[in-house]
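Heads up, the thing below is written out as structure tokens.
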Amino acid sequence: MSNAMWGGRFADGTAEIMETINASIDFDRKLAAQDIAGSQAHVAMLARQGLVDAADADAIASGLAQVKGEIEAGTFSFSRALEDIHMNVEARLAEIIGPVAGRLHTARSRNDQVALDLRLWVRDAIDGLIPEIAALQRALARRALDCAGMVMPGFTHLQSAQPVTFGHHLLAYVEMLARDAGRFRDARKRLNECPLGAAALAGTSFPIDREMTAKALGFDRPTANSLDSVADRDFALEALAAAAIAATHLSRFAEEIVLWTTPQFGFVRLSDAFSTGSSIMPQKRNPDAAELVRGKTGRVFGALIALLTVMKGLPMAYSKDMQEDKEGLFDALETLSLCLAAMTGMVEDLTPDPKRMKAAAGAGYATATDLADWLVRALKTPFREAHHITGRIVALAAARGVALEKLTLDEMRSVEPRITEDAFAVLGVERSVRSRTSYGGAAPANVRRQAKAWLKRHGEP
Ligand code: ARG
């Protein structure tokens, strides 16, 4: 038997393997709500334009409402033979209201239909992600305010570099996440044009009103070119690119949580709520959630690369390759949402260990730059020379196996005779961090101001 939806010119049915490779209903059923919303807008427009009479339009609209109810209630039976969500919905509509259901597809194709459904889904996903990003930023900013003066080592090359504060470190992620939210907002703006009415690829001979459907579905305007309307998946690529960058940020943070919770670092502790044990080693507390956030990044990148690859060879306009746009996209944006929630949970859960952080902040001659800066300020030494002198003092301390401040004044003077007792004051980590008052620097006063400003902008007193 040939296909009921498009089988007019076909004598026979499709091979079983053809049905298996062709069907998308197992994953595009996720688009049911969007598909029905699009059809409701389309039929209302057809009626207003006199392309479907009012009674038929009413029958279609209430039939669609019933289909929607069945899908929501879980009583709808999806059929692989009907390929995709579009034909599953339409076939059920025909069962409910009879042949008049066939009028719904006037001036429309599955090509503009799927382009519409996917845009609506991505738009909803973006609208869900933006507040989830803000929730993580809020958790970070609150923590940053509490920990504005909590000294920790700042690293470059994962070597102790200069002291910073835990609050300053957390605010770095607030900035990254602000750019992530910005990228999603920006993608949403370009996404928000309605492809419905492009039909298969060339537009339609019926006098449709694309402004009306665009407006009804919350779009800013209809898309301008019918070929582009059905061939474009930039909106999905942009959302995936934004997601991939956001996932990179979360992965870096997750990596830091993994490091910080080791007994070797011991900078933070996760409670039992965010730790798992080992089935063989009773002492273990593993940061599995952080590791999974780091690990799940791979799927998000994969989805972006997969869709770029699907799209790169496609001639205008629609090709069935594009059906491969969905699974990775759904998974990637849902994965990002899960990872944001898990990171928010961990930021709220973790307990920093200020003693361990402070001890580590002083290790590795982390205030050597402060000494060099002192030579510049107090002795007017050019910075390059001050750097060299300090290097020799560090070498001396290293040879003696002591911290910089444990050298005697005479030992320091053996390298630079003009050094005075005052130099010792700059070697403490607290003082070092307090001195970083340049705009955006690590000084606790800066951190407090920035954390407060963020919280205030987002509605906290
Ligand atoms: N299931 C298809 C997709 O996801 C819908 C569009 C099919 N269009 C077509 N001409 N076969 O892309």
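Heads up: numbering here begins at 1 and tracks the sequence. Each ligand, and each atom within it, is numbered from 1 in the order the structure gives. Remember, it's a predicted structure, so these values are computed and weren't measured experimentally.
- For CZ of Arg252, the number of neighbouring non-hydrogen atoms (other residues, nucleotides, ligands) closer than 6.0 Å is 12 at most.
- Here ring-ring contact (aromatic ring centres under 6.0 Å, His included) pairs that include residues 100-144, with residues two or more places apart or in two chains, are Trp121-Phe330.
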Ligand-protein N/O pairs under 3.5 Å (ligand 1):
unit_1   : atom_1 : unit_2 : atom_2 : d
ligand 1 : 1 (N)  : Ser24  : OG     : 3.3
ligand 1 : 1 (N)  : Asp84  : OD2    : 3.1
ligand 1 : 1 (N)  : Gln323 : OE1    : 2.7
ligand 1 : 4 (O)  : Lys326 : NZ     : 2.4
ligand 1 : 8 (N)  : Asn111 : OD1    : 2.9
ligand 1 : 10 (N) : Asn111 : OD1    : 3.0
ligand 1 : 11 (N) : Arg110 : NH2    : 3.4
ligand 1 : 12 (O) : Tyr318 : OH     : 2.4

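- Under the side-chain contact (heavy atoms from CB on, under 4.5 Å) criterion, Ala216 pairs with Ala41, not counting sequence neighbours.
- Checking Val67, Asp117, Leu93 one by one against Ile36, the side-chain contact (heavy atoms from CB on, under 4.5 Å) holds for a single residue, Val67.
- Checking side-chain atoms of Asp28 against main-chain N and O of Ile85 turns up a donor-acceptor pair under 3.5 Å.
- Remark: Asp26 engages Arg80 in a side chain to side chain donor-acceptor pair (under 3.5 Å) (not counting sequence neighbours).
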